[in-house]
Amino acid sequence: MNLSVNLKANQRALEIDLIRGIALFLMLLDHLAFDLRYFLNCDGLAFVDSSFFLDIVRPSVLVFFLLASGISTAFSRSDLIHARRIGIAAIGLSLVSFAVEAILQLGFIIYFNVLHVICLALLLRALFAQLFARLGRIGMDLCLIFVSGLFAVYISQYQTLENYSFLSLILGFRSDSLPEMADYLSLFPWAIFIYLGALIGDLYYPKSESEKGYLISSQKPAAFFIWLGQYPLWVYLIHQPIFLAIVYLLKLILQKH
């Protein structure tokens, strides 16, 4: 009986890693296309400027990534611990961007991006878990989706702010005086998809069946995506320096020819 339960838990853990890995891979492709287009002036990737890509493809990839992040909370022992790990990475990413900006003056500071959104959304979920423990995990997820939806609607209807604050930037208020930023993402409405993913995870992966465990998969390319899904934070943190280094080398090679 225990063997059957463990195998089922392992299989479901692999499913989560596969979903998370595919979502991360799509985001990596999006970032690579952006880097090649704008830093290498690659005309073959002009489609990234199209309204279809900007309004449909890119948001769809982001939604998928946030849903996968939410679903993975079913396998997290603590939202608070999970948020702390992501928060440290998010702060580190912002500090590095400030340092790069001070040296290169590129105008690509990261104030608040997807890592910050996931961190803050998980912190709010941990707070709700303490304040409204009687709701249960599913009730809490539904409550967070509803409250986030109310905030998103209110912010979308609010007039553009003349002056922004860091809080208004986090929440997603529009402003004509926002600074130049790279990879900006607001808490609302995007936190909704994290909570929706958490709801899916709690419904499909009951806590009793979601103990962490991994099997080594020999199926390719599934094994590659599963590997990505097992180390999403590290992959996310190192992918842009690697991409930018590749783009820089390609630029040097093209200039010589």
Side-chain angles (χ1 to χ4, degrees), residues 18-70 93 97 100-101 104-118 148-149 152-153 155-161 164 169-194 196-197 221 224-225 228-229 232 235-255 257:
L18 179 61
I19 294 171
R20 191 163 49 192
I22 293 173
L24 180 58
F25 181 73
L26 292 174
M27 180 168 282
L28 297 183
L29 287 181
D30 176 46
H31 289 178
L32 180 60
F34 178 90
D35 292 343
L36 291 173
R37 172 59 177 163
Y38 293 106
F39 293 111
L40 199 61
N41 298 318
C42 184
D43 294 333
L45 294 172
F47 64 87
V48 301
D49 299 323
S50 67
S51 57
F52 174 76
F53 189 86
L54 294 174
D55 299 333
I56 297 178
V57 176
R58 182 165 289 165
S60 297
V61 170
L62 183 56
V63 167
F64 185 30
F65 183 79
L66 293 174
L67 285 173
S69 299
L93 187 64
S97 75
V100 172
E101 174 63 16
L104 301 179
Q105 300 291 316
L106 296 175
F108 288 112
I109 295 178
I110 297 176
Y111 290 100
F112 205 79
N113 80 337
V114 64
L115 291 184
H116 301 75
V117 169
I118 294 173
S148 298
V153 170
I155 291 172
S156 67
Q157 298 300 319
Y158 205 87
Q159 293 182 353
T160 301
L161 300 177
Y164 81 97
L169 183 145
I170 291 174
L171 295 178
F173 285 99
R174 298 183 301 274
S175 175
D176 294 330
S177 58
L178 287 175
E180 290 188 57
M181 295 178 289
D183 202 20
Y184 167 65
L185 197 70
S186 59
L187 182 63
F188 301 110
W190 299 104
I192 296 174
F193 300 105
I194 298 174
L196 182 59
F224 171 71
F225 292 121
L228 282 179
V235 173
Y236 186 89
L237 288 175
I238 68 173
H239 81 278
Q240 272 293 32
I242 293 174
F243 286 172
L244 291 176
I246 293 173
V247 169
Y248 180 73
L249 290 175
L250 288 174
K251 193 171 184 177
L252 291 178
I253 293 172
L254 291 174
Q255 286 175 347
H257 293 280

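Keep in mind that what you see is a predicted model, and the values were worked out from it rather than measured. Count residues from 1 along the sequence.
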Next on the checklist: Under the criterion side-chain contact (heavy atoms from CB on, under 4.5 Å), I'd like the reasoning laid out for Leu40 against Leu45: C-alpha separation, chi angles, the key distance, then a yes or no.
Outcome noted: CA-CA 10 Å; Leu40 199 61; Leu45 294 172; over 6 Å; no

Checklist entry - Passes side-chain contact (heavy atoms from CB on, under 4.5 Å), Phe112 versus Met181? Steps please. => result CA-CA 9 Å; Phe112 205 79; Met181 295 178 289; over 6 Å; no

Item to check | Val114/Trp190 under side-chain contact (heavy atoms from CB on, under 4.5 Å): CA gap, chis, key distance, verdict | outcome: CA-CA 9 Å; Val114 64; Trp190 299 104; over 6 Å; no

Checklist entry - What do the steps show when you test Leu26 against Asp30 for side-chain contact (heavy atoms from CB on, under 4.5 Å), and what is the final call? => result CA-CA 6 Å; Leu26 292 174; Asp30 176 46; over 6 Å; no

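Leu54 approaches Pro59 most closely through the heavy-atom pair O-CD, 3.2 Å. The minimum heavy-atom distance linking Gly172 with Ser186 is given by the pair CA-CB, 3.3 Å.
One distance of note links CZ of Phe193 with CD1 of Ile118; it measures 13.5 Å at 0.5 Å rounding. Of the inter-residue distances, the one linking Leu169 atom CG with Arg174 atom CZ reads 14.0 Å to the nearest 0.5 angstrom. In this structure, the separation between CG on Asp35 and SG on Cys42 is 11.5 Å, given to the nearest 0.5 Å. Atom CG of residue Asn113 and atom CG of residue Leu93 lie 5.5 Å apart, to the nearest 0.5 angstrom. Atom-to-atom distance recorded for Leu244:CG and Tyr248:OH is 12.0 Å, nearest 0.5 angstrom. Atom CZ of Phe65 and atom CZ of Arg20 lie 9.0 Å apart (nearest 0.5 Å).
Between Val57 and Phe47, every side-chain heavy-atom pair lies at or beyond the 4.5 Å cut-off. The side-chain heavy atoms of Phe64 and Ile19, taken from C-beta on, include a pair separated by under 4.5 Å.
With hydrogens and angles disregarded, no donor-acceptor distance shorter than 3.5 Å links the side chain of Arg58 to the backbone of Val48.
Only one option out of Leu187, Leu62, Ile170 pairs with Val117 in a side chain to side chain contact (heavy atoms under 4.5 Å, CB included); it is Leu187. The residue from Leu185, Leu237, Ile110 that alone fulfils the side chain to side chain contact (heavy atoms under 4.5 Å, CB included) condition with Leu115 is Leu237.
For residues 185-194, no pair satisfies salt bridge (charged side-chain N to carboxylate O under 4.0 Å, His left out), with sequence neighbours left out.
Between His239 and His31, the ring-plane angle classifies as parallel under the 30° and 60° cut-offs.
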